[in-house]
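None of the values given here were measured: they were computed from a predicted structure. We name chains A, B, ... by the order of the sequence lines, and we start the count at 1 in each one.
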2 protein chains.
Amino acid sequence: MASRPKATILDIAREAGVSKSTVSLVLQGSDLIRPETALKVRKAIEDVGYVYNRGAANLRKAHSNVIGMVINDLTNPFFAEMAVGMERVFQSAGIVPFIANTAENPVRQEEVLKSLMEQGVAGLIVSPARGTTPGAFRRIEMAGLPIVFTMRRLPESRIPVIAPDNHRGAWLATAHLIGKGHHRLAFFGGSSDLVVYHERLGGFREACEALGIAKRDTLVVEGETSRKGGIACLETAFAMAEPPTAALCFNDAVAFGVMLALRKRGLEPGADFAVVGFDDVIEAQHYMPALTSVAVDSAGLGERAAHVMLRMIQSRTTRAEDHIGAVNLVVRDSCGPHRRAGMGDAA
Amino acid sequence: MASRPKATILDIAREAGVSKSTVSLVLQGSDLIRPETALKVRKAIEDVGYVYNRGAANLRKAHSNVIGMVINDLTNPFFAEMAVGMERVFQSAGIVPFIANTAENPVRQEEVLKSLMEQGVAGLIVSPARGTTPGAFRRIEMAGLPIVFTMRRLPESRIPVIAPDNHRGAWLATAHLIGKGHHRLAFFGGSSDLVVYHERLGGFREACEALGIAKRDTLVVEGETSRKGGIACLETAFAMAEPPTAALCFNDAVAFGVMLALRKRGLEPGADFAVVGFDDVIEAQHYMPALTSVAVDSAGLGERAAHVMLRMIQSRTTRAEDHIGAVNLVVRDSCGPHRRAGMGDAA
DNA sequence: TTGATTTGTTGGAACGTTCCATTTAATAGA
DNA sequence: TCTATTAAATGGAACGTTCCAACAAATCAA
């Protein structure tokens, strides 16, 4: 089991009694080779335990078959699903996606991107870490490497983005809440250093305005995008003089936190306080009560991103259209039935 | 922004007015170069927008800085956490882990492994897909590439394994159930093509035997390792003449399914039927009721696996000790208080 | 028979690095 | 002054592949 010096194409050639060029052609599945010769070569390949050296090959071809996907938080099932969607597409195109995690750390992201480029990837799909500086992708753009963003958008960047329609999703959810008879609404969680945050909050605000909710009857509480953050948001809201009766949460995780906090106060999510989430992760439907949430089809977005990338690679361009994915509100039990009249304040 | 031919070390040399060897030395941070020269070179590197070609370098060095981690199911937060643990360790060792997902598909796994090897990884950490054939790793072993398994073990393989103490975990959980006064116990979920299954089931069986539960009072129901599987298991169990009053589940996901199914029948998990899970994923503590589960410290196992791999690479060996990680039972609310006497059957 | 064509195979240069052996320049020792 | 030593920089071969141009053998057209 000692690791003898790795077998190369030349070893195969010697073993099979042909030239290295012939071996190379066999490896590429060329039909210029006589079937019997090919067979002989393939046997030799097995015998010497050869592994193809793609690094050496890329030296000549300058066209690799791997693309890098850089994910900001792999432990978030939402991103994991997206990654899986992409894999499906790439697999059938014969290209291999390597995934790297940045854990929301811009420094780590820098390292990972550098490594991926050095490895000679054909393209990059990135869900940028929070706090990424606008210049972080300059080198990649300079190198003319295809790159697309998913889920998140950078403030001023010309890089194509594949993301859900956050604005519309928030609008729909808010309208649903108002339709249920709520007058005092809150937007919970998220922080303003994320473009996504502004998109969702914008949808919330516009829906409120369009449907006649006064600005003073809306409450916005920033917070971590986690269960913990949700708990904190609710506590903050209930410390107010006139607390809201319903909340749109930045995220399903926040929504779960809010529901937990409600229970802790002896309130029943749905009946006593309406909550809607965003993302519609798998757990949403299994929760008690099942969470009403804005579904964004993360796997579908992943597939779309992969297709865009494929096209960019084929047409050797670094440009592509943005793609805003459709969203839809999945109504479950966390907003209860229509709110009884006479409980709200003046309208 | 057109992609001009990629800059090489020679372009830098020309730009800086030195030889390619000098540039190479600067890139490697050698102290054989006069600081001023190094500075000049580094400036040239910036100017020409150079990206290092690791493939070309590896052609000479035959020692890369990337290792591959092959995961059977990235959407399972349990594995995602493990991956993150590994990343922490590798990062500080200057090694970049590339993650690939196999989605429990042995064919996909084959492809992914091949690709990773071709890419010239320094080592492989694999959580094998279900149904992996014993010979799947022969080529890798033949190539003398360090490899370690995590979480799962292959029937007859000499490859080192880093995994939790499944047997002990199941034993503890079962003893807990029996200590609560249950006499008819079930083991729910999982399938016998997994070594892990036998380990956990073995722990369950031994605990039952050691603590005086007759074999005929135990029920084993195989099933998918998902919520859906859990639901199915419970239905099956309740179709029996004398259904069990408590269950050890293969997996937290199965446990969640079981609790869901109980609720659907109007039964309260904990009070009416005790359930304990395995893995202790983050959601376990947030569920209603909070799930009692066997914690396996997935991130810790990930770190351990990474350390083992590092050592193997350094000492150029392909051998290492197995490592069985400690487990502990986290008691929460899903087993209720001690069971009232007189409800069970004869003992 | 001869030359043209087709089929199958081959040598060699090139890709972008590393690293050894060597050269050149600067400094020290006598 | 000359030689020995050290410091800094360099040229060239090698790594494992691809691919072009060239070649040999077999087949065909005349």
Side-chain angles (χ1 to χ4, degrees), chain A residues 3-42 44-45 48-66 114-115 117-122 143, chain B residues 3-42 44-45 48-66 114-115 117-122 143:
Chain A
S3 91
R4 49 194 152 179
K6 269 193 231 152
T8 81
I9 217 178
L10 279 141
D11 299 312
I12 301 173
R14 197 177 319 114
E15 181 84 7
V18 297
S19 80
K20 63 178 171 38
S21 306
T22 304
V23 177
S24 175
L25 288 172
V26 171
L27 283 174
Q28 290 166 83
S30 162
D31 54 357
L32 290 180
I33 302 293
R34 197 152 36 111
E36 327 154 37
T37 313
L39 214 70
K40 208 168 49 180
V41 171
R42 264 189 278 273
I45 289 178
V48 302
Y50 170 75
V51 322
Y52 184 73
N53 184 335
R54 200 168 289 274
N58 285 346
L59 214 45
R60 290 275 323 191
K61 295 201 297 185
H63 240 79
S64 86
N65 73 144
V66 354
K114 180 150 165 279
S115 223
M117 290 192 70
E118 291 179 0
Q119 222 59 230
V121 296
Chain B
S3 89
R4 52 196 149 178
K6 269 192 232 150
T8 80
I9 217 178
L10 279 139
D11 299 311
I12 301 172
R14 197 176 319 113
E15 180 84 7
V18 298
S19 80
K20 63 177 171 40
S21 307
T22 305
V23 177
S24 175
L25 288 172
V26 171
L27 283 173
Q28 290 166 85
S30 161
D31 54 356
L32 290 180
I33 302 295
R34 198 149 37 108
E36 327 153 38
T37 313
L39 215 69
K40 208 168 48 178
V41 171
R42 263 189 280 271
I45 289 178
V48 301
Y50 170 75
V51 324
Y52 185 73
N53 184 335
R54 199 169 290 274
N58 286 347
L59 214 45
R60 289 273 325 185
K61 294 200 300 185
H63 241 79
S64 85
N65 73 145
V66 356
K114 181 151 164 279
S115 223
M117 288 192 72
E118 291 180 359
Q119 221 59 230
V121 297

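- One interatomic measurement links the two molecules: CG of Leu27(A) to P of dG16(D), which rounds to 14 Å at whole-angstrom precision.
- For Arg34(B), whose side chain is taken as the heavy atoms from C-beta onward, the closest listed nucleotide among dT17(D), dA9(D), dC15(D) is dA9(D).
- In this structure, CG of Leu25(B) is placed 9 Å from P of dC19(C), rounded to the nearest angstrom.
- Atom C1' of nucleotide dT18(C) and atom NZ of Lys20(B) are separated by 9 Å, given to the nearest angstrom.
- Using a 4.0 Å heavy-atom distance criterion, Thr8(A) is classed as a sugar-phosphate-only contact.
- For Thr22(A), no side-chain nitrogen or oxygen approaches OP1 or OP2 of dT9(C) to under 4.0 Å.
- Of all nucleotides listed (dT17(D), dT18(C), dT10(D)), dT18(C) comes nearest to the side chain of Ile9(B).
- Ranked by how close their nearest DNA chain C nucleotide is to the 5' end, Asn58(B) and Ala38(A) are led by Ala38(A).
- Rounded to a whole Å, the NE2 atom of His63(A) is 20 Å from the P atom of dT17(D).
- Across all their heavy atoms, Lys6(A) and Asp11(A) have their closest contact at O-OD2, 4.0 Å.
- Both Val51(A) and Gly17(B) lie near DNA chain D, and the one whose nearest nucleotide falls closer to the 5' end is Gly17(B).
- Taking side-chain N and O atoms only, Gln28(A) has no distance below 4.0 Å to OP1 or OP2 of dT17(D).
- One interatomic measurement links the two molecules: CD of Glu118(B) to P of dG16(D), which rounds to 16 Å at whole-angstrom precision.
- Ranking dT17(D), dC19(D), dT9(C) by closeness to the Leu32(A) side chain, first place goes to dT9(C).
- For Thr37(A) and dT9(C), the shortest distance from a side-chain N or O to OP1 or OP2 is below 4.0 Å.
- Across all strands shown, Ser24(B) has heavy atoms under 4.0 Å from base atoms, whether or not it also approaches the sugar-phosphate.
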Q.
I'd like to know whether Ser19(B) forms a side chain to side chain donor-acceptor pair (under 3.5 Å) with Thr22(B), so could you lay out the CA-CA distance, the side-chain angles of the two residues, the decisive distance to 0.1 Å, and finally the verdict.
A. CA-CA 5 Å; Ser19(B) 80; Thr22(B) 305; 3.2 Å; yes
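- Taking side-chain N and O atoms only, Arg60(B) has no distance below 4.0 Å to OP1 or OP2 of dG16(C).
- Atom CD1 in Ile33(A) sits roughly 14 Å away from atom P in dC19(D) (whole-Å rounding).
- Distances shown here put a side-chain N or O of Ser19(B) below 4.0 Å from the OP1 or OP2 atom of dT10(D).
- The CG-P distance, from Asp31(B) to dA8(D), rounds to 9 Å in whole Å.
- In this entry the distance linking CG of Leu59(B) with P of dA13(D) reads 17 Å, nearest Å.
- Ser64(A) and Asn58(A) get closest at one heavy-atom pair: CB-ND2, 3.5 Å.
- The two residues Arg42(A) and Val26(A) have their closest heavy-atom pair at NH1-CG1, 3.8 Å.
- Of the N and O atoms on the side chains of Ser115(B) and Gln119(B), not one donor lies less than 3.5 Å from an acceptor on the other residue.
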